[in-house]
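Bear in mind the structure is a predicted one, so any value in this text is a computation, not a measurement. Just so you know, these numbers use all the heavy atoms, side chains as well, and skip hydrogens, waters and symmetry mates. Naming convention: chains lettered A, B, ... in sequence-line order (proteins, then strands); numbering from 1 in each chain.
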Amino acid sequence: EAQVTQNPRYLITVTGKKLTVTCSQNMNHEYMSWYRQDPGLGLRQIYYSMNVEVTDKGDVPEGYKVSRKEKRNFPLILESPSPNQTSLYFCASSLSIRQANTEAFFGQGTRLTVV
Amino acid sequence: DQQVKQNSPSLSVQEGRISILNCDYTNSMFDYFLWYKKYPAEGPTFLISISSIKDKNEDGRFTVFLNKSAKHLSLHIVPSQPGDSAVYFCAASGIVSGSRLTFGEGTQLTVNP
């Protein structure tokens, strides 16, 4: 089954404690991205990757890091989480950059709370 | 600066009637528009899209209309079904922004039996 898998689904952590949210896709997609969803703001792109070892900032990259060492994985790293990073996070993948606007598959989301 | 706006946070309609969800955008460089649907505890799923060279695209019960001069698009669902109850996100992209999608705030649609 084609899917994007995020882990964990729920996470409560304390300010400053480094964490990683994993994302994996099994569709051999080139393009992957991370979004955060906040009330009244919709989904905002954090980082994206057009292929292995190619990443770039989205609209709200501050406080986040990503890596793309393998095609299937695109982890989101919060080196020093702060309460304003409490949000619902989604990973997404698409077949290619040209098709990033269609057939985008989203993971089920990670609900992060930073206290 | 919200470039894609969905001014109605919620919409309630009766089963069998038409649902109309609206979306406005400000960036004239956007040339591709999409609607995503999201159920609770799930990720968004792609629903329908439209290129700026068209003014209408239809897929079963779902039709998207684009009015470029007004920078406005709408999603029509006919007939509405209770299973359509979800949050609907409008999104836009343009050549200059590459493949980055800019999303609206979302509209919660509730279809009452």
Side-chain angles (χ1 to χ4, degrees), chain A residues 2-10 21 23-25 27 29-51 54-61 87-111, chain B residues 1-10 21-27 29-54 57 59 64 73 86-108:
Chain A
Q3 59 185 1
V4 177
T5 303
Q6 293 178 228
N7 279 297
R9 293 288 310 277
Y10 302 92
V21 183
C23 174
S24 180
Q25 49 94 2
M27 296 165 280
H29 283 172
E30 289 182 352
Y31 185 87
M32 297 185 75
S33 57
W34 276 102
Y35 293 86
R36 61 179 288 176
Q37 182 189 351
D38 301 290
L41 296 175
L43 289 101
R44 293 177 294 167
Q45 192 179 57
I46 303 170
Y47 267 95
Y48 64 96
S49 168
M50 291 189 282
N51 214 323
V54 181
T55 64
D56 207 348
K57 296 177 180 178
D59 298 313
V60 288
S87 187
L88 179 58
Y89 291 87
F90 290 101
C91 178
S93 76
S94 304
L95 182 61
S96 71
I97 186 80
R98 275 197 295 272
Q99 289 183 290
N101 300 332
T102 63
E103 298 297 327
F105 292 82
F106 280 79
Q108 289 187 296
T110 296
R111 173 75 67 182
Chain B
D1 176 26
Q2 192 72 15
Q3 298 187 63
V4 178
K5 283 198 69 63
Q6 295 175 254
N7 290 312
S8 298
S10 63
L21 295 94
N22 294 303
C23 178
D24 297 295
Y25 61 96
T26 57
N27 190 338
M29 300 304 289
F30 287 144
D31 60 4
Y32 201 81
F33 305 89
L34 308 90
W35 286 93
Y36 282 83
K37 176 179 178 180
K38 183 183 177 305
Y39 291 117
E42 294 184 13
T45 54
F46 170 73
L47 186 59
I48 192 170
S49 63
I50 187 167
S51 163
S52 60
I53 62 173
K54 294 185 174 182
N57 188 25
D59 183 2
V64 56
L73 64 155
V87 176
Y88 289 79
F89 290 100
C90 169
S93 72
I95 293 175
V96 291
S97 64
S99 57
R100 288 166 55 177
L101 287 173
T102 300
F103 283 85
E105 304 93 327
T107 296
Q108 172 69 57

Looking at A/L41, A/L43, A/D59, which hits side chain to side chain contact (heavy atoms under 4.5 Å, CB included) with B/F103?
A/L43
Is B/K38 close to chain A through its backbone or its side chain, or both, or neither, when contacts mean heavy atoms under 4.5 Å?
side chain
Under the rule for side-chain hydrogen bond (donor to acceptor under 3.5 Å, both in side chains), what residues qualify as partners of A/Q6, not counting sequence neighbours?
A/T110
How close do B/G43 and A/F90 get, heavy atom to heavy atom, and via which atoms?
CA-CE2, 3.5 Å
Using the side-chain hydrogen bond (donor to acceptor under 3.5 Å, both in side chains) criterion, which residues pair with B/Y25? Sequence neighbours excluded.
none
Select one option (side chain, backbone, both, neither) describing which atoms of A/R111 are under 4.5 Å from chain B's heavy atoms.
neither
With a 4.5 Å heavy-atom cut-off, do B/L101 and A/Y35 have their side chains touching?
yes
Could you tell me the separation between the CZ atom of A/F106 and the CZ atom of B/F46, rounded to the nearest 0.5 Å?
11.0 Å
